[in-house]
Every structure is written in structure tokens, then in C-alpha cells.
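On a predicted model such as this, the values are computed, not experimentally measured, just so you know. Heavy-atom basis, side chains included; hydrogens, waters and symmetry copies ignored. So you know, we letter chains A, B, ... as the sequences are listed, proteins then strands, and number each from 1.
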There are 2 protein chains.
Amino acid sequence: MKTENATLVFEALSSSARLDVFRLLVRYAPDGLVAGEIAQKLDIPSTNLSFHLKTLLHSGLVEMEKEGRFWRYRASVPLMLEIIAYLTDHCCCGDGDKKVKRTRNC
Amino acid sequence: MKTENATLVFEALSSSARLDVFRLLVRYAPDGLVAGEIAQKLDIPSTNLSFHLKTLLHSGLVEMEKEGRFWRYRASVPLMLEIIAYLTDHCCCGDGDKKVKRTRNC
DNA sequence: ATGAATGTTCAACGATTATTGAAGTATTGT
DNA sequence: ACAATACTTCAATAATCGTTGAACATTCAT
């Protein structure tokens, strides 16, 4: 996980609309939902949802697949696990560069 | 951890400048660094650093304390641990609302 | 007191983001 | 073929973010 990719993920999660979408898709993992279902459940105009889904896609946090005339979106749980690992390793207890033993709270 | 606070934290980490600042402060935890040291180590103009530090302060990810004419900044490791817990609980394996047993990768 | 050092706030600008309605692209049903 | 469905892309607007230099407080040294 490079820093650049991490910032993309954090940017994707920095809007409450997108965080809601992602959490919804996690609840419906591994099948995900089609765009219309997301829009209906979260009461978001479809054109706005499309905008936010594009940001989530770009970050890698969600994946997309066409299903006839439906577009199905799924959360990428593996990437979320990578992000959690990134935060634990680089942003938590100072062991990233100094290879110090974990002593504080971890 | 409310969703609103989580988005504040993600927004704070969504800029590479701020992520670099936070990681630096984590490396120097628990003492932290004064603003000038951060500016020097990361080669950021002080006025720009000040702007980013304000966002980090607002999210709670860093804390500040005056030391004579220096301003010392520290990373809030406890809040980072909360964020990791939030991601694990609500954004990882779909157990947030449905109380489903963890089966996928977790 | 005076000047230097530390760091913030202010003002201004360009760049990016969020939101909405209109138009466009595929796909399905009849 | 034709109309309806599902969803995106485009255009336009308001709002926010990022960056910089100038001005401003506060603290320290002499």
C-alpha cells in the first residue's frame, strides 16, 4: 500500500454520502447491489450517486460489473483490509521507519 | 465513533501533505514535534503547514500545546485506534447492522 | 524598550468538489 | 421498429480546498 493509494481511499471515505454507500455495500457483501437499489435505500438522486460511485471506483474501494442493463457494485473487502493494515503499521505506533518495538497501546 | 467524526478523520488523511505530517508525528510519538521541525523535515512553507495542522487539529488526529514561543504538535494515537476499530466493525465484514458471523477474511 | 524568532491569521487567487437537470448510451420488452 | 428502463456523462453553478505572500500576535534575548 503506497501513500498515494492510501490518500485516494481516505478521500473516497471523506464524504458522508460515500461512506454511507460503502457501508451499505459492505452490509450486502459479497453480492453487492445495483445502482438503483443503492439510490433507493440511501435516497440519493441517481446522477449524484453516479458521481460518488465513480470516486469510490477510482479509489478501488468498490468494483463494478454490468448485468444486462443493471450496473452492480460491490465493496472490495481486501482493499479495506489493506487500509486497516496500513493504518496499523504506519499511522499507529511509530514502527514504520524506526523499527521500534510496540510499546504504547498496541 | 460516529460516522460524522469518521468522515472528519478521513478528510484529514485525504491529503498527502497531511498524511505525511501525521505519519511524522506518529514516528515522533509521544513527544511530537514543534511546527518548525515539521516544516523543516517535510519542506513545507510554514503558512501552508499551519493550514493543514488546523485541519488535523479539527479532526482530533493531532493535539497542540504551547511551549514558550514554540507550538508542539502530537499525534493522537487513541483516536487512530478508534478509527481502526470503526473500519473493522463497520466497513469490513458486513457485521455492522445484520449481526452476521464473520466469515470472509476476518 | 528594541529587535529577532516562532508561528498563526488574513486576503486573494486558482483549482477542485458537490449538486442538479438535461442529454446520451445500452439493454429489455412488446 | 418503438418505447421504456437503468444508468451514465455533460454542462453549469455554488461551495470548498490548497497555496502563497503580507500582516499580525506572542515570546525571548540584549
Donor-acceptor pair, A:Glu37 side chain versus A:Val34 backbone, under 3.5 Å? yes
Would you say the side-chain atoms of A:Arg18 pair up with the backbone N or O of A:Ala12, donor to acceptor, closer than 3.5 Å? yes
A:Phe70 atom CZ is separated from C:dA26 atom C1', nearest whole Å, by 13 Å
Could you state the atom-to-atom distance from NZ of B:Lys54 to P of C:dT8 in whole Å? 10 Å
Nucleotide C:dG7, atom P - distance to CG of B:Leu49 in whole Å: 9 Å
May I have the distance from A:Met64 (atom CE) to D:dC7 (atom P), rounded to whole angstrom? 11 Å
Side chain of B:Arg72, backbone of B:Gly32: donor and acceptor closer than 3.5 Å? yes
Working note: A:Leu25 + A:Ile38, criterion side-chain contact (heavy atoms from CB on, under 4.5 Å); need CA distance, chi angles, decisive distance, verdict. CA-CA 8 Å; A:Leu25 291 177; A:Ile38 302 173; 3.9 Å; yes
Can you name the atoms? Protein N/O to nucleotides 16-18 of chain C N/O, anything below 3.5 Å, with the distance.
| from | atom 1 | to | atom 2 | distance (Å) |
| --- | --- | --- | --- | --- |
| C:dT17 | OP1 | A:Glu11 | OE2 | 2.8 |
| C:dA18 | OP1 | A:Arg18 | NH1 | 3.4 |
| C:dA18 | OP1 | A:Arg18 | NH2 | 3.3 |
| C:dA18 | OP2 | A:Arg18 | NH1 | 3.3 |

Which comes earlier along DNA chain C counting from the 5' end, the contact point of B:Ser46 or that of A:Ala17, where each point is its nearest nucleotide? B:Ser46
Between P of C:dT25 and NZ of A:Lys66, the distance in whole Å: 13 Å
Which nucleotide in the set C:dA26, C:dT9, D:dC7 lies at the smallest distance from any side-chain heavy atom of B:Thr47? C:dT9
Quick check: are there more than 12 heavy atoms from other residues, nucleotides or ligands sitting under 6.0 Å from CD of A:Glu4? no
Under 4.0 Å: is that the gap between some side-chain N or O of A:Tyr73 and OP1 or OP2 of D:dA6? no
Can you check the A:Leu53 CG to D:dC7 C1' distance for me, whole Å? 10 Å
A:Arg74 side-chain N/O to A:Glu63 backbone N/O, donor-acceptor pair under 3.5 Å: no
Residue pair B:Leu19 / A:Cys91: nearest heavy atoms and the distance that separates them: CD1-SG, 4.1 Å
Between A:Leu57 (CG) and D:dT9 (C1'), how many Å, whole number? 14 Å
What integer distance in Å separates A:Trp71:CH2 from C:dT27:P? 9 Å
Selection from C:dG7, C:dG29, D:dT20 that lies nearest to any side-chain heavy atom of B:Pro45: D:dT20
